[in-house]
Amino acid sequence: VVGYDQIYYKLGRFLKEPKKLFDEYCEANGQGESSSVPKGASLQQPDSFKCQGAVGSRSSEMKTVVVGPAGQLYLTDGHHTFSIFWEQPGAGPQQEMWVRVTDNFSDSADLTSFWQRMQAARKVWLQDGNGQAITPEQIPAQLGLANLGDDPYRALVYFTRDVAYAKPRSGEIAPEFLEFYWGQWLRSQLKLDAYDLRDRGDYRDAVGAAAELMVAQAPDSLLGSSGFKARELGGFQKIDRKELGKMANGKLGYMIDYKAKRG
């Protein structure tokens, strides 16, 4: 699963600010932001634009994979970013990206032992959009909105970024599926059917309610059954009101407008 609304926000913003698409590409490849995007530049032609640095020069920003049996790559971070490129006109499923390998489990005896290692290392998320358990065999083989389910709580957490939490900075390693752990916990704390998620005011109120719950957690308190402490998942101790105030006409504005166009 992914949070569709996070993808809608990005696609909506790229429509109005095309340079941000190239920023996203450069960042995902560990190259900082884009530094030069001439008219007519295309993601399919990497030499038609420039990024701030070389591929991997900012490796902590790169999306991650685990190598499985027969050399198959299994994505452990980047499902949203790569689904955005999958859906983006001018990019699509053929878009090539760089990734960072975190683990090599290619010596697993079979797929059963491989998935056991993945679960032990917390490298896989086995829940559907309603928080129900799934098996590894139920994980889609492809990215994109047609293949991945929607978890509205995962999307909600994205919009609380820099409001109630932030991914650990330099020197710290953010757990894979960090936002999914927050979303899993929020599912038991907040009823989203009380909000109209096609209305930017209601959506902002939902973000605010989620943020209040998140910052109320003591830094060393375990977050539900996640096994992680709130501070390990980047939890703040108070809401950043300035960031929350920018939400309705910023991220939520792009997302709501794009979602309305999709129908």
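The line from CD of Glu24 to CZ of Phe82 is 10.0 Å long, rounded to the nearest 0.5 Å. Atoms CD and OG1, on Gln138 and Thr135 in that order, are 4.0 Å from each other to the nearest 0.5 Å. Annotation: the span from Leu11 atom CG to Gln6 atom CD amounts to 10.5 Å, rounded to 0.5 Å. Taking CG from Leu252 and CG from Asp199, the interatomic distance works out to 10.0 Å, rounded to the nearest 0.5 Å. Of the inter-residue distances, the one linking Trp115 atom CH2 with Tyr74 atom OH reads 5.5 Å to the nearest 0.5 angstrom. Rounding to the nearest 0.5 Å places CG of Leu244 at 9.0 Å from CG of Asp205.
Tyr25 contributes no side-chain N or O that, together with a main-chain N or O of Cys51, makes up a donor-acceptor pair within less than 3.5 Å. Checked by atom type and distance alone, the side chain of Asp23 pairs as donor or acceptor with a backbone atom of Ser34 at under 3.5 Å. Remark: side-chain polar atoms of Glu87 are paired, donor with acceptor, to backbone N or O of Leu145 under 3.5 angstrom. Counting only distance, with no hydrogens or angles, the side chain of Lys16 and the backbone of Tyr254 share no donor-acceptor pair below 3.5 Å. A side-chain donor-acceptor contact under 3.5 Å links Asp150 to the backbone of Tyr4. Looking at His80, its side chain does come within 3.5 Å of a backbone N or O of Gly3 through a donor-acceptor pair. Using modelled atom types, no side-chain atom of Ser57 and backbone atom of Gly53 make a donor-acceptor pair closer than 3.5 Å. With Gln45 contributing its side chain and Ser42 its backbone, the two residues share no donor-acceptor pair below 3.5 Å. Of the possible polar contacts, one joining the Gln52 side chain to the Glu33 backbone as a donor-acceptor pair under 3.5 Å is found.
Cluster annotation: Met214 and Leu190 are assigned to the same hydrophobic cluster (Ile/Leu/Val/Met/Phe/Trp/Tyr, side-chain heavy-atom contacts under 4.5 Å, transitive). Both Leu213 and Val163 are members of a single hydrophobic cluster when ILVMFWY side chains are connected at heavy-atom separations under 4.5 Å. Under the 4.5 Å side-chain heavy-atom criterion for ILVMFWY residues, a single connected hydrophobic cluster contains both Phe177 and Ile7. No continuous path of hydrophobic side-chain contacts links Phe114 to Val67 [ILVMFWY only; heavy atoms under 4.5 Å]. No path of Ile, Leu, Val, Met, Phe, Trp and Tyr side chains, each step under 4.5 Å between heavy atoms, connects Leu73 with Leu111, placing them in separate hydrophobic clusters.
Clustering of Ile, Leu, Val, Met, Phe, Trp and Tyr by side-chain heavy atoms under 4.5 Å joins Met62 with Val55, Trp98.
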Should Trp86 and Leu148 be marked as a side-chain contact (heavy atoms from CB on, under 4.5 Å) after you check the CA-CA gap, both sets of side-chain angles, and the distance that decides it?
CA-CA 12 Å; Trp86 187 286; Leu148 295 169; over 6 Å; no

Let's go through Leu43 and Phe49 carefully: what are the C-alpha distance in whole Å and the side-chain angles of both, what is the deciding distance for side-chain contact (heavy atoms from CB on, under 4.5 Å) to 0.1 Å, and is it a yes or a no?
CA-CA 8 Å; Leu43 292 183; Phe49 59 94; 4.1 Å; yes

Step by step, work out the side-chain contact (heavy atoms from CB on, under 4.5 Å) result for Thr102 and Asp77.
CA-CA 11 Å; Thr102 61; Asp77 180 49; over 6 Å; no

Determine, step by step, whether Arg117 and Val66 satisfy the side-chain contact (heavy atoms from CB on, under 4.5 Å) criterion, reporting the C-alpha distance in whole Å, the side-chain angles of both residues, the deciding distance to 0.1 Å, and the verdict.
CA-CA 11 Å; Arg117 292 173 74 176; Val66 171; over 6 Å; no

Take Trp185 and Phe228 through the ring-ring contact (aromatic ring centres under 6.0 Å, His included) test and state the conclusion after the steps.
CA-CA 11 Å; Trp185 175 76; Phe228 289 105; over 10 Å; no

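You'll find the side chain of Ser225 reaches within 4.5 Å of the side chain of Gln184, heavy atoms only. Put simply, the side chain of Val2 does not reach to within 4.5 Å of the side chain of Arg154, judged on heavy atoms. Between Arg161 and Lys167 there is a side-chain heavy-atom pair separated by less than 4.5 Å.
Residue Gln237 qualifies as open at atom CD: its count of foreign heavy atoms under 6.0 Å is 12 or below. When the shell of 6.0 Å around CD of Glu96 is examined, it contains 12 or fewer heavy atoms from other residues, nucleotides or ligands. Within 6.0 Å of NZ in Lys259 there are more than 12 heavy atoms belonging to other residues, nucleotides or ligands.
For Gln95, the side-chain hydrogen bond (donor to acceptor under 3.5 Å, both in side chains) partners two or more places apart in sequence, or in a different chain, are Gln44. In this structure, Thr81 has no side-chain hydrogen bond (donor to acceptor under 3.5 Å, both in side chains) partners at least two apart in sequence or on a different chain. The side-chain hydrogen bond (donor to acceptor under 3.5 Å, both in side chains) check on Arg187 picks up Asp151, with sequence neighbours excluded. Not counting sequence neighbours, the partners of Lys246 by the side-chain hydrogen bond (donor to acceptor under 3.5 Å, both in side chains) test are Glu243.
Judged by the 6.0 Å and 45° rule, Lys10 forms no cation-pi pair with Tyr158.
Heavy-atom minimum distance, Met247 versus Phe159: CE-O, 2.9 Å. Scanning all heavy atoms of the two residues, the minimum distance from Leu156 to Leu192 falls at CD2-CD2, 4.0 Å. Taking all atoms of both residues into account, the shortest heavy-atom contact from Leu75 to His79 is O-NE2, 3.2 Å. Ala230 and Ala218 get closest at one heavy-atom pair: CB-O, 3.6 Å. Minimum heavy-atom separation, Val157 to Tyr165: O-CE2, 3.3 Å. Heavy atoms only, all atoms of each residue included: Ser83 and Gly144 are closest at OG-N, 3.2 Å.
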Extract all donor-acceptor atom pairs below 3.5 Å that involve side chains of residues 120-129 and protein atoms in other chains or at least two apart in sequence.
{"from": "Arg122", "atom 1": "NH1", "to": "Tyr181", "atom 2": "OH", "distance (Å)": "3.1"}
{"from": "Arg122", "atom 1": "NH1", "to": "Ser226", "atom 2": "O", "distance (Å)": "2.8"}
{"from": "Arg122", "atom 1": "NH2", "to": "Ser226", "atom 2": "O", "distance (Å)": "2.9"}
{"from": "Lys123", "atom 1": "NZ", "to": "Asp103", "atom 2": "OD2", "distance (Å)": "3.1"}
{"from": "Lys123", "atom 1": "NZ", "to": "Glu176", "atom 2": "OE1", "distance (Å)": "3.0"}
{"from": "Lys123", "atom 1": "NZ", "to": "Glu176", "atom 2": "OE2", "distance (Å)": "3.1"}
{"from": "Asp128", "atom 1": "OD1", "to": "Asn130", "atom 2": "N", "distance (Å)": "2.8"}
{"from": "Asp128", "atom 1": "OD1", "to": "Gly131", "atom 2": "N", "distance (Å)": "3.1"}
{"from": "Asp128", "atom 1": "OD1", "to": "Gln132", "atom 2": "N", "distance (Å)": "2.8"}

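In summary, the side chains of Tyr9 and Arg13 do present a donor paired with an acceptor at a separation below 3.5 Å, with no hydrogens or angles considered. At a cut-off of 3.5 Å, with distance as the only test, a side-chain donor of Thr64 or Thr76 sits close to an acceptor on the other residue.
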